[in-house]
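Below you'll find the structure, written out as structure tokens, and then a few comments.
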Protein chains: 2
Amino acid sequence: MVKKARSNDVIFRPHFKTHQSLEIASWFSELGVDKITVSTLDMALYFAADGWKDITVAFPVNIPEIDKINRLASRIQLNLLVEDPDTLMKLDSVLDYTVNIFIKIDVGYGRTGIPYYSVDRIDHLIETFQKTDLCNWSGFLAHAGHSYKCSGSEEIFVVHQESKSAILSLLKYKKVFPHIQFSIGDTPTCSIADDFGWCDEIRPGNFVFYDLAQWQIGSNSLEEIAVAMACPVVAKHPERSEIVLYGGGAHFAKDRIKLQNGKVVWGLLVEHSGHSKDSWKDMNDFNWMTSMSQEHGILHTSETIMEKTKVGDILTILPIHSCMAGLAMGQYLSTGGEIIERL
Amino acid sequence: MVKKARSNDVIFRPHFKTHQSLEIASWFSELGVDKITVSTLDMALYFAADGWKDITVAFPVNIPEIDKINRLASRIQLNLLVEDPDTLMKLDSVLDYTVNIFIKIDVGYGRTGIPYYSVDRIDHLIETFQKTDLCNWSGFLAHAGHSYKCSGSEEIFVVHQESKSAILSLLKYKKVFPHIQFSIGDTPTCSIADDFGWCDEIRPGNFVFYDLAQWQIGSNSLEEIAVAMACPVVAKHPERSEIVLYGGGAHFAKDRIKLQNGKVVWGLLVEHSGHSKDSWKDMNDFNWMTSMSQEHGILHTSETIMEKTKVGDILTILPIHSCMAGLAMGQYLSTGGEIIERL
């Protein structure tokens, strides 16, 4: 991803909500990354305390947390998102320090932001910046989150092209405000597409680990998934081809995907040697977690797996959503045996 | 629930995985409860450290955690679940102190346990106890978790009757082993049914808060739900009747329910005065969270709600699954303004 950003001559501002770890952050730092994205002010405070000095909080600004905003703005370059004039004015009235503000643009996802074609609303918000004292308008920020609903690289390319057209329609503002930036980036389009020269910054995050949701979309191969859950086997039910794992919603959160055959699944068994340099072994068949409660995960297994698995064994399960599984677990164990702390 | 247990002359051993709080535990203590259920050894250690002396871990015993098991067994009456002879013998070989063991019985849920009609497997496991030194066979334990798939009290009664028949078929063991106990209990059947004289112990847990999943099943009314999420409004999109809340998977976990009309929802808006003695106000219409990502929740609202809601307001959302939402949040705030800590 670093190379992709460099070859397009755009800023690489990775989203750190996936790993939320100072140590993993340092791996990015070693590659020259010095600007990051997070999704909460607590995450921003955590990384700021470790020396990160340019942080975008990619979530609509939440003014009840103004104390944290001011604490951050006093120490780092804090970049916030706003999508309406009232919130902008309210924020400005309670700020003690300067912040950068990106206008959140909806490029088709339909979650947050001003639709890219709502020129009047965009113009009105831009004009409102003239009335503020501590809010610097820095540009437009978009998240093409509808790429998460794609299936395969062709559909991802369509979303990528849509985002590009949407952003290009806003390029005219650069003539009047040459300093403004266009920030985009979601893991599917940043994984699949190569041309990003039309924007100024990309912000993918999940790619640091990838997961089964991204694999299903078409962002990554199974071998590229860099995080898994080690789940003890606590019971076997060969009569229904089920192994009961100590691994449930408390560990994975409750993310699921629906496979092409309509089956809803919660995780995938892979084999791992435990050695640091090995990837998951190809299992030749797919053994899915087919049900999950707070502590239990139910793994539907082939006869081969059932036969060679014993109660007390530790199985390796790829998660549906690595961001949420990391959040639920609170720390990582490297294949080298080292604990990697996180927020 | 205390009254229901008393009137049936059965032990009330509430499941504390829902609240996981020493303070809330003390409310039970004040009502005379001195035996509890938990789902992890960490939870058992947490409550044992506060003086709880009789704890059942209602999850198949996980022998890799033997150090925690021995630490607990040295200090309290620890009750564990086993469902196969190999695990029982392995456990016995690594125990340093005596534990009570319940045989996990499957009364129709199909998740864990020996099916109640598998007499040979049950007999074989019972016989295996004669070879153990530190494992006391204490009885049978069942969880009719298929009650969670019910819709309405009639279906819950059916599950209740099934559990009862299953357990009654095992009563013959009491003639040979008069000391053994029959432990059952899930929130739906314990909420709806009244006759529990045929067992020795009930273990409901979720009822302490209830939630929308239980409401949909028919266990409780909306007014009986005792926990809610306070979510700041961060954006409004009247053109699609959507309010964006700071409240996503990081706060609620990712539980959902499917309504009768086929709609999948993630939470329900209620009004609350903020005063400690008031319950949720009847909203007269249902404003559901219809989508959720890591930090964002999308609330689909009526025109009335849209008009009177401003960015920065805090809305009150009932969770789908109170156990998982509590786990994600890590503490509670009472309506009286007091922080209630939890594990």
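The structure displayed is predicted, hence computed values, not measured ones. A, B, ... follow the sequence lines: proteins, then strands. Residue 1 opens every chain.
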Chain B contact via [X] - side chain, backbone, both or neither, heavy atoms under 4.5 Å:
X      : value
V61(A) : backbone
L91(A) : neither
T87(A) : side chain

Report the option among [options] that has the most heavy-atom pairs separated by less than 4.5 Å from atoms of chain B.
options                           : value
E242(A), E65(A), K104(A), K90(A)  : E65(A)
R256(A), E83(A), K17(A)           : R256(A)
D84(A), D255(A), I314(A), V311(A) : D255(A)
M324(A), E295(A), H296(A)         : H296(A)

(request) On the 0 to 90° scale, with breaks at 30° and 60°, tag the Y148(A)-H143(A) ring pair as parallel, tilted or perpendicular. (result)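 If you compare the ring of Y148(A) with that of H143(A), the planes turn out tilted.
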(message) Looking only at the side chains, is there a donor atom on one of R342(A) and Q20(A) sitting less than 3.5 Å from an acceptor on the other?
(response)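 Checked: R342(A)/Q20(A) side chains pair up, N/O donor to acceptor below 3.5 Å.
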(message) Is a donor from one side chain sitting under 3.5 angstrom from an acceptor on the other, for N206(B) and T187(B)?
(response)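 Per modelled atom types, N206(B) and T187(B) side chains form no pair under 3.5 Å.
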At a 4.5 Å cut-off on heavy atoms, which part of [X] comes close to chain A: side chain, backbone, both, or neither?
X       : answer
L327(B) : side chain
L81(B)  : neither
T40(B)  : both

(message) Can you tell me how far apart CZ (F59(B)) and CE (M43(B)) are? Round to the nearest 0.5 Å.
(response)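 Reported to 0.5 Å precision, the distance equals 10.5 Å.
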(message) Centre-to-centre under 6.0 Å for F102(A) and F140(A), is that the case here?
(response)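 Ring centres of F140(A) and F102(A) not closer than 6.0 Å.
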(message) Do the side chains of R111(B) and D106(B) get close enough for a salt bridge, i.e. N-O under 4.0 angstrom?
(response)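 Answer for the salt bridge query: no.
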(request) Apply ring-ring contact (aromatic ring centres under 6.0 Å, His included) to the pair F252(B) and H321(B), showing each step before the final yes or no. (result) CA-CA 8 Å; F252(B) 287 92; H321(B) 189 177; over 10 Å; no
